[in-house]
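For ligands, and for the atoms within them, numbers begin at 1 and follow the listed sequence. Owing to the predicted nature of the structure, the values given are computational and were not obtained by experimental measurement.
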Amino acid sequence: MALSYRRIIVKIGSNVLTQENGMPDIARMQHLVEQITQLKKQGKEVIVVSSGAVASGRSLIKISEKADAVTSRQLLAAVGQVKLINTYSELFSQHELICAQVLVTKEDFRDRQHYLNLKNCFQVLLQNNVIPIVNENDVISVTELMFTDNDELAGLIASMLNADALIILSNVNGIYNGDPKNPESEVITEVKPETTGFGAFVTTQRSQFGRGGMLTKSHMARKVAQLGISVHIANGKTENILPKVLNEEAVNTRFIPSKTTSGRKKWIAHSENYAKGAVQINAGAKTALTSAKATSLLPVGIIKIIGEFQKGDIIKLLDENQKLIGQGIAEYSSDKAHERLGQQNQKPLVHYDYLFLNAEVG
Ligand SMILES: Nc1ncnc2c1ncn2[C@@H]1O[C@H](COP(=O)(O)OP(=O)(O)O)[C@@H](O)[C@H]1O
Ligand SMILES: N[C@@H](CCC(=O)OP(=O)(O)O)C(=O)O
């Protein structure tokens, strides 16, 4: 039976678009564009998150051996992104489709207003039947300003746009229960919200041109599925992989979504890096928050306040072992929280509606 997704984010990894010699694989791009065109013809909305700028740059310019890694990446990406988007534009125009370039940085997800502006831009593109092609703005995103990789970016976009599905195309058939190169390893076909233990199979190993590897993919996939979005990790080098995934005809790893979460919670879920402060909570509060019942964080369960924050800021929630368990929006400042610390009958510091708790990865 075909999966009936309407809004789909397709993330295309560097390795899918790159030949073994590091040069862009135009034939592969052409085939992916054909598949996306088919989805568009079926009335689906498709947003592409495409890596490949650096690989495209490599085909155009030779970098000096003296240049450092950051500068080389800036040069290759700045030159390569033009070629990448031009290639997409030419290929889509052969099918009478228009695509748009959307380059983003971590900063664009920083506050609610930036977030809403970006969301608005996607909405107008989709309303006009344009295919957004998103990539990180590698020219200004360097070192700590960078997304872990485009998988993280794709997860953010999927949750921002309330997508039905995120399909991550990589150079493996999915997450294997061992080394992907070992013929005895098999693809884990389904990860349910309650599945545990699969994280042990994922190593920090990554492919020749990839950045984050399978570890970030599985972290992100878990989080996105927790927000109510199906996530598939599939092989972008397999012929007709997109229709095959949707018709359940290809081996891939599918993360089954939890029941849906509000847009506000989705934003909070991805705001961990923008937290202004943190609170450490006791074991009782942790048990209450992680139980099935909707519970707000009360000062009585807080043992420590870390850093300064104002009403409306994102704050992290840590357990007694300093482990991050989630984040939420503070209902009042750190000064007021200090006054109420450990006291009973006080207003919640984080209301349940503004609280997001992380799932275990595996
Ligand atoms: N359990 C596993 N199953 C599949 N791949 C794995 C696993 N553990 C590590 N990997 C590595 O993750 C790589 C894919 O991630 P990555 O290199 O970031 O690719 P991409 O460019 O598509 O984002 C695989 O090529 C493989 O080397
Ligand atoms: N923004 C970079 C890609 C970075 C990246 O995350 O790559 P990948 O791990 O292959 O998805 C580029 O366009 O070359």
Provide the number and element of each atom of ligand 1 under 4.0 Å from a heavy atom of [X].
{"X": "K217", "result": "15 (O), 16 (P), 18 (O), 19 (O), 20 (P), 22 (O), 23 (O)"}
{"X": "G178", "result": "1 (N)"}
{"X": "G174", "result": "3 (N), 4 (C)"}
{"X": "K11", "result": "23 (O)"}
{"X": "S14", "result": "21 (O)"}

message: Within the structure, is a non-hydrogen atom of G52 found at a distance of less than 4.0 Å from ligand 2?
response: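 Yes; G52 lies near enough to ligand 2 that a heavy-atom distance drops under 4.0 Å.
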
Any Q81 heavy atom less than 4.0 Å from ligand 2: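 No; Q81 lies far enough from ligand 2 that no heavy-atom distance drops under 4.0 Å.
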
Got a sec: does the [atom1] of [X] have more than 12 other heavy atoms crowding it under 6.0 Å?
{"X": "Y354", "atom1": "OH", "answer": "no"}
{"X": "E96", "atom1": "CD", "answer": "no"}
{"X": "K44", "atom1": "NZ", "answer": "yes"}
{"X": "E194", "atom1": "CD", "answer": "yes"}

task: Return the option from L215, N171, I175 holding the heavy atom at the smallest distance from atom 25 (O) of ligand 1.
output: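 Answer by nearest heavy atom: N171.
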
Would you say ligand 2 has an N or O under 3.5 Å from any N or O of [X]?
{"X": "V54", "answer": "yes"}
{"X": "N135", "answer": "yes"}
{"X": "D138", "answer": "yes"}
{"X": "D149", "answer": "no"}
{"X": "I12", "answer": "no"}
{"X": "R73", "answer": "no"}
{"X": "D151", "answer": "no"}
{"X": "S50", "answer": "no"}

Give a yes or no answer on whether the side chain of [X] reaches the backbone of [Y] with a donor-acceptor pair at less than 3.5 Å.
{"X": "S334", "Y": "F309", "answer": "yes"}
{"X": "N252", "Y": "A250", "answer": "yes"}
{"X": "D319", "Y": "Q322", "answer": "yes"}

message: For the 3.5 Å polar cut-off, considering only N or O atoms, please tell me whether S170 and ligand 1 meet it.
response: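 It does: an N or O of S170 is found under 3.5 Å from an N or O of ligand 1.
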
field: Which segment of N150 sits under 4.0 Å of ligand 2 when only heavy atoms are counted
entry: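 The part of N150 near ligand 2 is both the backbone and the side chain.
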
field: Non-hydrogen side-chain atoms of V134 and I157 separated by less than 4.5 Å
entry: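 A side-chain contact under 4.5 Å exists here.
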
message: Within the 4.5 Å heavy-atom criterion, are K223 and F255 side-chain neighbours or not?
response: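 No, every pair of side-chain atoms sits at 4.5 Å or beyond.
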
field: Atoms of ligand 2, numbered as shown, that sit under 4.0 Å from any heavy atom of S51
entry: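 Listed by number with element, the hits are 3 (C), 5 (C), 7 (O), 8 (P), 10 (O), 11 (O), 13 (O).
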
field: Element-labelled atoms of ligand 2 that are located less than 4.0 Å from some non-hydrogen atom of K11
entry: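 That gives atoms 8 (P), 11 (O) of ligand 2.
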
field: salt_bridge(E152, K217) N-O dist < 4.0 Å
entry: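 K217 and E152: not salt-bridged.
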
message: Closer than 4.0 angstrom, basic N to acidic O: yes or no for E45 and R6?
response: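 R6 and E45: salt-bridged.
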
message: Under the criterion side-chain hydrogen bond (donor to acceptor under 3.5 Å, both in side chains), I'd like the reasoning laid out for K40 against N129: C-alpha separation, chi angles, the key distance, then a yes or no.
response: CA-CA 9 Å; K40 292 288 294 172; N129 203 28; 2.9 Å; yes

